[in-house]
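Some notes on the structure that comes next.
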Amino acid sequence: MLTTEDLLRAPVAAAVAELFSADIQPGSVTFQRTNPAFEGDVTLVVFPYVKLAGKGPEQTAQLIGEHLQAKLPEVARFNVVKGFLNLVIADDFWNRQFTTLSSEPAYGHKPVTNTSPMVMVEYSSPNTNKPLHLGHVRNNLLGFSVSEILKAAGYRVVMVNLVNDRGIHICKSMYAWQQLGNGETPESSGIKGDHLVGKYYVEFDKLYKEQVKLAVAAGQTEEEAGKTVPAMLAIQEMLRKWEAGDEEVIALWKMMNGWVYDGFNTTYKKLGVSFDKIYYESNTYLLGKSIVEDGLNKGVLLKRPDGAVIIDLTPDGLDQKVLLRSDGTSVYMTQDLGTAAERHNEFPFEKLVYVVGNEQEYHFKVLKLALAKLGYAWADGLYHLSYGMVELPHGKMKSREGTVVDADDLIQLMEDDAQKLAEDRGLIADMSSEAKATLYHQVGMAALKYFILKVDPRKKMLFNPEESIDLQGNTGPFIQYTYARIRSMLRKAGVADSLPGFTTPAQLHEKEKALIKHLHQYPAIVQEAAATYNPAVVAQYTYDLAKTYNQFYDACPVMKAESDTLKHFRLNLSACVARTVKESLRLLGIEAPEQM
RNA sequence: GGUCCCAUAGCUCAACUGGAUAGAGCAGUUGCCUUCUAAGCAACCGGUUAGGGGUUCGAGUCCCUUUGGGAUCACCA
């Protein structure tokens, strides 16, 4: 697909050469969208050439404009505002673009083959002691969407999840359940597994604090009490037994983890996310020791007098970091070193994207640097997609303080809102109750997903539980609605997807041209979103496309167009918009209902 | 204390990576359903881009500084 930039770059360079006898690289010529206040499709900023021209900006722009218009039939006319050369591209060019792009089945997406570069995306990575909340939702939606975008941009993508299923924190819920649970199970209580385990995690915290309070009252210092209270000793003992493979502890661990996984899988399914491979820390936590040994031998790592192995990153502006405890056991970093190396053996990725909150920026900086120093060339491909926290009006969400927005609750709330609005509209009376339930889910999730994904991942975002997420305006359902309306029209016209053999009009309506220009941008948008790991780029684009279509819909009758030729063209244009909207929604993990 | 990030309309977010008169949605006011779905379209209202200085043809964007917020600097994960 020839973009306007491709079309104009060389001619602009030629114009500069001819008019001002100066050599510039065609690749250095850049364009921008024309400001809507002026007529034009693309704009050349001529400030970079005024020195070469030895003339004022207006005159420089005027000369280049005249030259381009004379040489290129695609340049219909132009106007000059200050140093901006606004070029109007002929309708014929846009018509040719539309004819080409409307015939491409996977328009805008690059095909993936066995030799395409491979990217691994790690996301979700939950703890198995509490249910998922809104922060996890952002992580999951980002990870899934980034993966889909990378696939569309031509990468082989491996989606992985690293489940944090071991450690002292897991023992807390296990211990509390042992002490207080009376054999309660998800079945006996009717509580979803992850919520049940989360309940005992909170119970432990209460129990523990109570014991510390008593001990302090009995004269111990708080620090002392914190370490010696029975509950603390018990979970430490439990962790030792777990690491020693104690049958009873392992059985309890397996049972309760099973409950959590059942619960997570339900939530994952509702969120529409999935993984190609799931790693468990209980399997990976011993990895990395050999890498550390190796690093010691190479002299990259140092053994401190107390026996701990460290890496000295002070020359890089960071600190010293412990990679192996003095007793020889692993830390978080050890495990991540080992996991990354093992993954690269299994999947020779070019990039490994970690979708992890920005609170771990330091960790990933160290991880990448350490691997590089240890001599792994692929370390260069590690990328920490460091997303901002979801904050509530009162600040960060904290599980223990109960100030979290639960994922399951929120999903339910969104479905209820979608149902309420749909029932008020009363347009889907003919649907089966099953189809209705599906629709409420699709619409509710669209609102939630778009709400989260339209925000730049790197920025923190705010969620106010007092205000429900909109279903109108700049939202997911708005875009779905545009799609459903087109599909409804195509059904009435008896058109499945598109009808070949249309004729483009000699003169495009302003809104038709605007739509073609938007469609024309789609491939570049996909590439940009992939290069920056930013679904918000796709979200913004899709909204603009839908918005533009709605304006077209209002201004241009399709079924009652002046002629059959025009009707067929507009049906094709609509079908093409529908396809692109559906695809770009899919990249965001949002479904496009046929009717709503 | 060191390092890093953030601050844009009453609210939630944009701004093509230094470009033209800073854009959307929500909220508020007001038009448009006897023509393809009004979850829509159109219009009005709303801004000293936290404050100050600098760099240049041009700054929300880059540099310095003040203020306010956040993260991180564990032999936790």
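Chain identifiers are assigned alphabetically (A, B, ...) following the order of the sequence lines, protein sequences preceding nucleic acid strands; residue numbering begins at 1 within each chain. For clarity, every value in this text was computed on a predicted model and none was experimentally measured.
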Please write out the pairs of protein N or O atoms and N or O atoms of nucleotides 28-36 of chain B separated by less than 3.5 Å, giving the distance to one decimal.
unit_1: B/rC36; atom_1: O3'; unit_2: A/Lys492; atom_2: NZ; d: 3.3
unit_1: B/rC36; atom_1: O2; unit_2: A/Val558; atom_2: N; d: 3.4
unit_1: B/rC36; atom_1: O2; unit_2: A/Met559; atom_2: N; d: 2.9
unit_1: B/rC36; atom_1: N3; unit_2: A/Val558; atom_2: N; d: 3.2
unit_1: B/rC36; atom_1: N4; unit_2: A/Tyr553; atom_2: O; d: 2.5
unit_1: B/rC36; atom_1: N4; unit_2: A/Cys556; atom_2: O; d: 3.3

Provide a list of protein-nucleic acid N or O atom pairs under 3.5 angstrom, restricted to nucleotides 19-24 of chain B.
unit_1: B/rG19; atom_1: O2'; unit_2: A/Gln32; atom_2: NE2; d: 3.1
unit_1: B/rA20; atom_1: N6; unit_2: A/Thr43; atom_2: OG1; d: 2.9
unit_1: B/rA20; atom_1: N6; unit_2: A/Asn86; atom_2: OD1; d: 3.0
unit_1: B/rA20; atom_1: N1; unit_2: A/Asn86; atom_2: OD1; d: 3.1
unit_1: B/rA20; atom_1: N1; unit_2: A/Asn86; atom_2: ND2; d: 3.3
unit_1: B/rU21; atom_1: OP1; unit_2: A/Lys82; atom_2: NZ; d: 3.4
unit_1: B/rA24; atom_1: O2'; unit_2: A/Tyr543; atom_2: OH; d: 3.0

Would you please say whether a donor-acceptor pair under 3.5 Å links the side chains of A/Asp336 and A/Thr339? no

A/Tyr481 and A/Asn550: side chain donor to acceptor below 3.5 Å: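 Note: A/Tyr481 and A/Asn550 side chains miss the donor-acceptor criterion.
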
List in numerical order all residues of residues 436-450 of chain A for which some heavy atom is under 4.0 Å away from an atom belonging to RNA chain B. A/Val443

Whether A/Tyr383 and A/Tyr533 hold their rings parallel, tilted or perpendicular, with breakpoints at 30° and 60°: parallel

Plane angle bin for A/Tyr549 and A/Phe552 - parallel if under 30°, tilted between 30 and 60°, otherwise perpendicular: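 A/Phe552 vs A/Tyr549 ring planes: tilted.
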
Less than 3.5 Å apart, which donor and acceptor atoms pair up between the side chains of residues 44-64 of chain A and the rest of the protein, not counting sequence neighbours?
unit_1: A/Thr60; atom_1: OG1; unit_2: A/Gly56; atom_2: O; d: 2.7
unit_1: A/Gln62; atom_1: NE2; unit_2: A/Glu66; atom_2: OE2; d: 3.0

Which heavy atom of A/Glu512 sits nearest to which heavy atom of A/Pro505, and what is that distance?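 Heavy atoms only, the tightest pair is OE1-CG, 4.2 Å.
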
Suppose the criterion is side-chain hydrogen bond (donor to acceptor under 3.5 Å, both in side chains): which pairs have a residue in residues 534-548 of chain A, not counting sequence neighbours? A/Thr542-A/Ser584

Is A/Arg570 touching bases, backbone alone, or none of the nucleic acid, heavy atoms closer than 4.0 Å?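 Here A/Arg570 touches no strand at all.
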
If you look at every strand shown and take non-hydrogen atoms under 4.0 Å, does A/Gln595 touch a base, only sugar-phosphate, or nothing?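 Touches a base.
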
Go through the structure and list residues passing salt bridge (Lys or Arg N to Asp or Glu O under 4.0 Å) with A/Arg138, not counting sequence neighbours. none

What's the closest nucleotide to the A/Gln551 side chain, out of B/rA42, B/rC75, B/rG40? B/rA42

Taking only residues two or more places apart in sequence, or in another chain, which ones meet [X] in a side chain to side chain contact (heavy atoms under 4.5 Å, CB included)?
{"X": "A/Asp165", "result": "A/Thr128, A/Val163, A/Trp253, A/Asn257, A/Tyr261, A/Tyr280, A/Glu281, A/Ser282"}
{"X": "A/Lys303", "result": "A/Leu296, A/Val309"}
{"X": "A/Glu243", "result": "A/Arg166, A/Leu239, A/Tyr285"}
{"X": "A/Ala592", "result": "A/Tyr483, A/Lys582, A/Leu585"}

Spacing of A/Asp417 atom CG relative to B/rC26 atom P, expressed in whole Å: 16 Å

Rounded off to whole Å, could you give me the CG-to-C1' distance for the A/Asn534 and B/rA15 pair?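 After rounding, the reported distance stands at 13 Å.
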
Walk along nucleotides 68-74 of chain B from 5' to 3' and tag each nucleotide B, S or - by protein heavy-atom contact under 4.0 Å, base first, then sugar-phosphate. ---SSS-

Base-contact (B) and sugar-phosphate-only (S) positions in nucleotides 59-64 of chain B, heavy-atom cut-off under 4.0 Å, - elsewhere: ------

